[in-house]
There are 2 protein chains.
Amino acid sequence: MTLRGGDTSRLRRINLVTTLRTVRSQGPLGLTELARGAALSRPTVEGLVEELLAAGWLRELPPESGQMGRPARLFAFHAAGGHVLGIDIGSYTLRVSVADLGGTVVAAHDEQIASTAGRAERLAGLRTAIAGALEAAGLTADRIAAVCAGTTGVVTTEGVVKLSVGLPEWTGLDLAGELRASFDCPVLVENDCNLAALAEHWRGQAGDVDELVFVLAGVRTGAGILVSGKLLKGARGGAGEIGALPLLGWHRAPVHLTGFQGLPPGTPPQDAAAQVFAAARSGDPAARWAVEQYARDLAEGIAALVLTVDPELVVLGGGVSRSGDVLLAPVRRHLDPFCLEPPVVAISDLGEQAVVLGAVRRALDHVDARLYDFDAPLPKPSS
Amino acid sequence: MTLRGGDTSRLRRINLVTTLRTVRSQGPLGLTELARGAALSRPTVEGLVEELLAAGWLRELPPESGQMGRPARLFAFHAAGGHVLGIDIGSYTLRVSVADLGGTVVAAHDEQIASTAGRAERLAGLRTAIAGALEAAGLTADRIAAVCAGTTGVVTTEGVVKLSVGLPEWTGLDLAGELRASFDCPVLVENDCNLAALAEHWRGQAGDVDELVFVLAGVRTGAGILVSGKLLKGARGGAGEIGALPLLGWHRAPVHLTGFQGLPPGTPPQDAAAQVFAAARSGDPAARWAVEQYARDLAEGIAALVLTVDPELVVLGGGVSRSGDVLLAPVRRHLDPFCLEPPVVAISDLGEQAVVLGAVRRALDHVDARLYDFDAPLPKPSS
DNA sequence: TTATTAATGAAGGATGTTTTTATTTGTGCA
DNA sequence: TGCACAAATAAAAACATCCTTCATTAATAA
């Protein structure tokens, strides 16, 4: 953080940002409260609010009555002043959500896709899903302020999928480049577990936890890490890939579920987890043993993550998130002995929305960073 | 970073900090260059420099002649305006360094101590070492602006040693509290590996690397991690403690050295490493095998760290840092197959000074943060 | 002596604060 | 229904701080 100095116009820019942040964080405010919140004088914020109103970043609400005296004019952030797109590229489903700048999801569209689909087919499905979501939101692509897509695999800072085990066809794809062809706004690409971790911090189990490990568990196993509330990405986008270490259990963990003997023949792998957990829940000893083995292998990898970054909280998400009642206790039992000081372990309640919500959050962060950048002129809202 | 707004006096405070940072980072400067570096007008920086000069944070150097035109007045950061203390509490040695605010070590004092020394004895030795260093620097304790001490074990944010395997007597000690009795300035306590990582970033192998894992290897094994150039401490100070995971090799690694059969009887454990490496260097097959085993166990733990945080660089330090020629190749050979994209592996060249240098850096960072804080008035130099 | 670079000083402009005065607007009571 | 009160808005004046630009003066090398 090397803040540049400058003249009084720069001071005004800073005060403008301060005012905008105050309104956003403290909800609809009158001028008097706003002046107090921003630590500025009332005439000053009045001028600043005027400017923000004219720029389209604030809107005036009808005044609230009920109190003594003249009711204050109320101002709020103009959340509809822009929209972002969050995308989750899964093995079986492509999810796209449109959210306004206040973070409210205003439209969503999912497309099912075969897990065996090739690169071209998957990209085509993606375009369909995007078009569907935009139509549902009543927006066109040029009105989108930022796009973020989550995908399995190691993603470089340039948005290239360097390595994907879950989607082998995906390896080497310049996903950001592909998406940039459809948008003329910033396009971000991120590992899906990382985005899920962001989502947990935003709207999930980790509301006030800044040191977080999110573990995606199911057919695949992966992790996203938050340090001081920010994504740990590593030098080359490879943070959290503890599953690559054969000394720990992640590489063999899913086999306990997909290879479970009690499954009806022909069960697709993505349904195996739910079936095994259901059987365990109803007391089937073989299933309980499978869950136990699965939990042990999962705990080995989690232990390495926990001992490395020492999080306050570990959130389990992905396919297992509906089976917390059966899985949570065994995981804790295996994990705790490995830890110097065991973290809290919780099950995600965001379900399948975690990645797409995290993508929305990431895109919003990008827009916010621009909005709050003193060095650039105040951007314009796009609607 | 939530910068508050304010009036023009706040702007001046920002410009003051900008000017000071410019001088510090770009060395002795004339007013014209300074104005360009700080992106401010010349009359403005002139006033600011006047203020900094009066406050004692800048000093004027004799002008340099030899150039065409009127020679510029030269200004530099007044590094002697304050001093910090860096402390390394080792098993066998207590090191104390005094540095000025420019980071130059102006005095140091070491005390040897028995590794079996109890808490009181070690604390007494520490006081002796501190007094010796202060005397060598010609300073008294009340002139010190900040103190940072490094010790083995997990250290809480409050500066309590929560758990130390290397110094069992140390566990539970409120080290920060003990030191605060001798100083009325901020006292910081930090894990020694963390400080060594900071030192590598400051003056060692990791000059321009912000994603770093430092591995202390020798009689003990530990790690310090830098993410975006900042210390990864974890929620409870337990980051980097991968040695606690029995599935990986760190817990048994030192045994290959201390338990080496070819050692002369009665070799103290702290000398074992050097002897084994020396034997391996001269071709002893048993020693080479021991080194190989040691490197494999070391690599297992490093792999977990690397796969979790994906650093650009891994620095090996501690007891093994003089034996890089024998150790580096085996470690790389065992580490690389575990990694998706192997990081650079290097040997520290800071030797035994790494921790104490890192402690100095940490104390300096603390002072700097105050100096650069817009919300507080400019502090006064202490000498 | 001249060219070059630095220091100095005055004028001008942008911004924020405080203070004052007048106005608006809904509440609550008679 | 009408009136006094409370709280917020609105506008303007007076002042202070700070930065910038521009012209002028000072010091040194060639």
query: So what does B:S9 touch, heavy atoms closer than 4.0 Å: a base, only the sugar-phosphate, or nothing?
result: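 Sugar-phosphate contact only.
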
**Request:** Give one of base, sugar-phosphate or nothing for B:E46, where a contact means two heavy atoms less than 4.0 Å apart.
**Result:**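 Here B:E46 touches the bases of the nucleic acid.
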
Testing the basics here: between [X] and [Y], what is the closest heavy-atom pair and its distance to 0.1 Å?
X	Y	value
A:G102	A:A79	N-CB, 3.5 Å
B:V209	B:H201	O-CD2, 2.9 Å
B:S9	B:D7	OG-OD1, 2.8 Å

Q.
Quick check against the 3.5 Å criterion: does A:W57 have a side-chain atom that pairs as donor or acceptor with the backbone of A:P379?
A.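 Yes; at least one donor-acceptor contact below 3.5 Å.
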
What is the 5' to 3' range of DNA chain D, first to last nucleotide, that sits under 4.0 Å from any heavy atom of chain B?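 Taking any atom under 4.0 Å from a heavy atom of chain B, the span is D:dT17 to D:dA29.
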
Quick check on DNA chain C: between A:L48 and B:A72, whose nearest nucleotide comes earlier from the 5' end?
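The answer here is B:A72.
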
* Asked: Residues two or more places apart in sequence or in another chain: which of them pass side-chain contact (heavy atoms from CB on, under 4.5 Å) with A:A136?
  ->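 If we apply the side-chain contact (heavy atoms from CB on, under 4.5 Å) test to A:A136, skipping adjacent residues, the hits are A:A107.
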
[X]: which residues meet the side-chain hydrogen bond (donor to acceptor under 3.5 Å, both in side chains) condition with it, sequence neighbours left out?
X	value
B:T156	B:E158
B:E60	B:R73
A:S41	A:T44
B:D100	none

Just the rounded figure in Å: distance from [atom2] of [N] to [atom1] of [X].
X	N	atom1	atom2	answer
A:L16	C:dT15	CG	C1'	13 Å
B:L74	C:dA7	CG	C1'	14 Å
A:E50	C:dT15	CD	P	15 Å
B:M68	C:dT1	CE	C1'	13 Å
B:L29	C:dT5	CG	P	17 Å

So if I take the C1' atoms of five pairs at each end of the helix from C:dT1-D:dA30 to C:dA30-D:dT1 and get each local axis, what angle do the two axes make, rounded to 10 degrees?
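Here the helix ends are tilted 0° relative to one another.
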
message = Is A:N15 close enough to C:dT15 that one of its side-chain N or O atoms is under 4.0 Å from OP1 or OP2 there?
response =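 Checking A:N15 against C:dT15: no side-chain N or O falls below 4.0 Å of OP1 or OP2.
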
query: Within a radius of less than 6.0 Å around CD of B:E64, do more than 12 heavy atoms belonging to other residues, nucleotides or ligands occur?
result: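 No, not enclosed.
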
Open item on the list: Looking at A:E135, I want to see if its CD is surrounded by more than 12 non-hydrogen atoms of other residues, nucleotides or ligands under 6.0 Å.
Closed with: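 Incorrect, the count does not exceed 12.
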
Start at the 5' end of DNA chain D and walk down; is the nucleotide closest to A:G30 or to B:L11 reached first?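 That would be A:G30.
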
Please list, for nucleotides 23-25 of chain C, all pairs of protein and nucleotide N/O atoms separated by less than 3.5 Å.
residue, atom, partner, partner atom, Å
C:dT24, O4', A:R70, NH1, 3.4
C:dT24, O2, A:R70, NH1, 3.2
C:dT25, O2, A:R70, N, 3.4

- [ ] Scan residues 31-43 of chain B against DNA chain C and write down, sorted by residue number, each residue with any heavy atom closer than 4.0 Å; if none is found, say none.
- [x]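 Result for residues 31-43 of chain B: B:L31, B:T32, B:R42, B:P43, sorted by number.
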
Pair listing, salt bridge (charged side-chain N to carboxylate O under 4.0 Å, His left out) test, anchored in [range], at least two apart:
range	answer
residues 224-237 of chain B	A:D310-B:R236, A:E341-B:R236, B:E190-B:K233
residues 367-376 of chain A	A:R4-A:D375, A:R10-A:D375, A:R24-A:D368, A:R361-A:D368
residues 49-59 of chain A	A:R12-A:E51

